[in-house]
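Presented below is the structure to which this report refers.
Residue numbers begin at 1 in each chain, while the letters A, B, ... track the order of the sequences.
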2 protein chains.
Amino acid sequence: MSCEEDFFRSLRGRGLRLTSQRKTILAALHQLDELATAEEIFQHVQKSSSSSLDISTVYRTLELLRTFQVVSCIQGSDGQYRYELARHHAPHVHLVCRVCGRVFEAAVDSLQPFISAAWEHHGFEVDLNALSVGGLCRECCARGR
Amino acid sequence: MSCEEDFFRSLRGRGLRLTSQRKTILAALHQLDELATAEEIFQHVQKSSSSSLDISTVYRTLELLRTFQVVSCIQGSDGQYRYELARHHAPHVHLVCRVCGRVFEAAVDSLQPFISAAWEHHGFEVDLNALSVGGLCRECCARGR
DNA sequence: TTCTCTGCAAAGACTTTGCAGTAGG
DNA sequence: CCTACTGCAAAGTCTTTGCAGAGAA
């Protein structure tokens with residue numbers, strides 16, 4: 001799995017180690033294949049794997065994966081951080097419904113004018129991997145808020 | 001002040017009351033005139049006003065103001081909620097630097113294509129007041145991350 | 001062997017909640 | 001006078017941290 005090899009190389013580059021817990025968490029991210037909280041990743045490992053690990057290890061590993069840009073991280077409408085594999089998905093934006101909290105994925109091409117404008121007017125480099133947009137989804141909108 | 005009158009009317013519509021604490025918090029939001037956390041609003045009142053209130057009252061009032069759309073609310077890079085008066089500002093987007101945490105305001109016109117696309121493809125109604133975009137600011141970008 | 005990493009437990013930061021007294025309308 | 005609101009204190013939720021032992025390289 002090239003993702004694990006990449007991770008291993010990144011770790012070695014800083015004198016860090018590829019432990020079984022880190023492998024397990026990376027595998028869980030592949031299996032979940034969607035935005036997941038640290039708690040959800042933890043639960044998934046508890047159920048699907050014989051390996052045991054601690055929730056604090058999950059947090060520490062996710063932080064590490066984030067610094068290597070292996071995972072991207074957004075905050076849902078409930079304020080929790082949610083993670084997903086960065087390279088596993090085409091670049092996309094998350095549409096987070098402020099009522100039901102569900103997350104939808106939208107393409108990024110229509111954002112190009114905005115990205116250019118942010119760069120030209122503010123020197124700001126928009127991070128597409130961490131982009132989440134609040135609003136109302138179709139159902140909640142129809143339900144009248 | 002029309003903002004307070006609006007708030008009063010909204011409250012009356014639901015049989016709720018305009019208390020001195022709610023007036024104080026609304027005034028603080030006007031004085032701060034920028035994104036502020038509950039704690040910052042609380043501190044501001046403690047310093048600048050003779051009225052005393054509890055931090056839990058600040059949270060309860062901000063939640064109330066949010067349901068009436070008097071304030072809008074985003075999450076900064078540190079995960080804290082930050083509030084500002086919704087009508088006091090022209091519609092704008094917050095650019096949140098993932099390194100230094102500073103927040104910049106950007107115009108929304110270049111987002112029009114994206115807003116239209118989200119609506120057409122997903123039936124998703126983007127909420128501009130709650131829109132924050134992560135990335136790297138000019139300084140942190142120049143500093144090489 | 002050498003350090004990094006882990007599990008555990010505890011603390012931390014921010015936010016919410018239950019309750020009895022206070023005060024708005 | 002009614003009942004929503006407040007302050008207080010306590011709990012809740014999510015996340016981080018200190019430390020001694022475990023385990024990669």
Would you kindly give the [atom1]-to-[atom2] distance between [X] and [N], to the nearest whole Å?
{"X": "E63(B)", "N": "dC14(C)", "atom1": "CD", "atom2": "P", "value": "19 Å"}
{"X": "L11(A)", "N": "dT4(C)", "atom1": "CG", "atom2": "P", "value": "13 Å"}
{"X": "E39(B)", "N": "dG12(C)", "atom1": "CD", "atom2": "C1'", "value": "14 Å"}
{"X": "L62(A)", "N": "dT15(D)", "atom1": "CG", "atom2": "C1'", "value": "12 Å"}
{"X": "R22(B)", "N": "dG24(C)", "atom1": "CZ", "atom2": "P", "value": "12 Å"}
{"X": "L18(B)", "N": "dT6(D)", "atom1": "CG", "atom2": "P", "value": "10 Å"}
{"X": "Q75(A)", "N": "dT13(D)", "atom1": "CD", "atom2": "P", "value": "19 Å"}
{"X": "Y81(B)", "N": "dC14(C)", "atom1": "OH", "atom2": "P", "value": "13 Å"}

Minimum-distance nucleotide (side-chain atoms of Q80(A) versus dT6(D), dT6(C), dT15(D))
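Out of dT6(D), dT6(C), dT15(D), the nucleotide with an atom closest to Q80(A)'s side chain is dT15(D).
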
Are R14(A) and S10(A) close enough, and set up right, to give a side-chain hydrogen bond (donor to acceptor under 3.5 Å, both in side chains), and what steps lead you there?
CA-CA 7 Å; R14(A) 295 206 201 171; S10(A) 299; over 6 Å; no

Which pair of heavy atoms, one from L64(A) and one from T67(A), lies closest together, and at what distance?
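Closest pair (atom of L64(A), atom of T67(A), distance): O-OG1, 2.7 Å.
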
Under 4.0 Å between a side-chain nitrogen and a carboxylate oxygen: does that hold for E63(A) and R66(A)?
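Yes.
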
Contact nearer the 5' end of DNA chain C, comparing T61(A) with T37(B):
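Its nucleotide being nearer the 5' end, the pick is T61(A).
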
Residue whose nearest DNA chain C nucleotide is more 5′ - A38(B) or L16(B)
A38(B)

At 4.0 Å (heavy atoms only), tell me whether F8(A) reaches a base, stays on the sugar-phosphate, or touches nothing.
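Sugar-phosphate only.
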
Side-chain donor-acceptor pairs under 3.5 Å in residues 34-45 of chain B, sequence neighbours left out?
| residue | atom | partner | partner atom | Å |
| --- | --- | --- | --- | --- |
| T37(B) | OG1 | E40(B) | N | 3.1 |
| E39(B) | OE2 | Q43(B) | NE2 | 2.8 |
| E40(B) | OE1 | T37(B) | N | 2.9 |
| H44(B) | NE2 | Q31(B) | OE1 | 2.7 |
| H44(B) | NE2 | S48(B) | OG | 3.4 |

Polar side chain donor-acceptor pair, Q75(B) to H94(B), under 3.5 angstrom:
no

Are H30(A) and E4(A) linked by a side-chain donor-acceptor pair shorter than 3.5 Å?
no

Within residues 52-60 of chain B, find the residues that approach DNA chain D with a heavy atom at under 4.0 Å, and present them sorted by residue number.
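Only S52(B), L53(B), D54(B), S56(B), T57(B), R60(B) qualify.
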
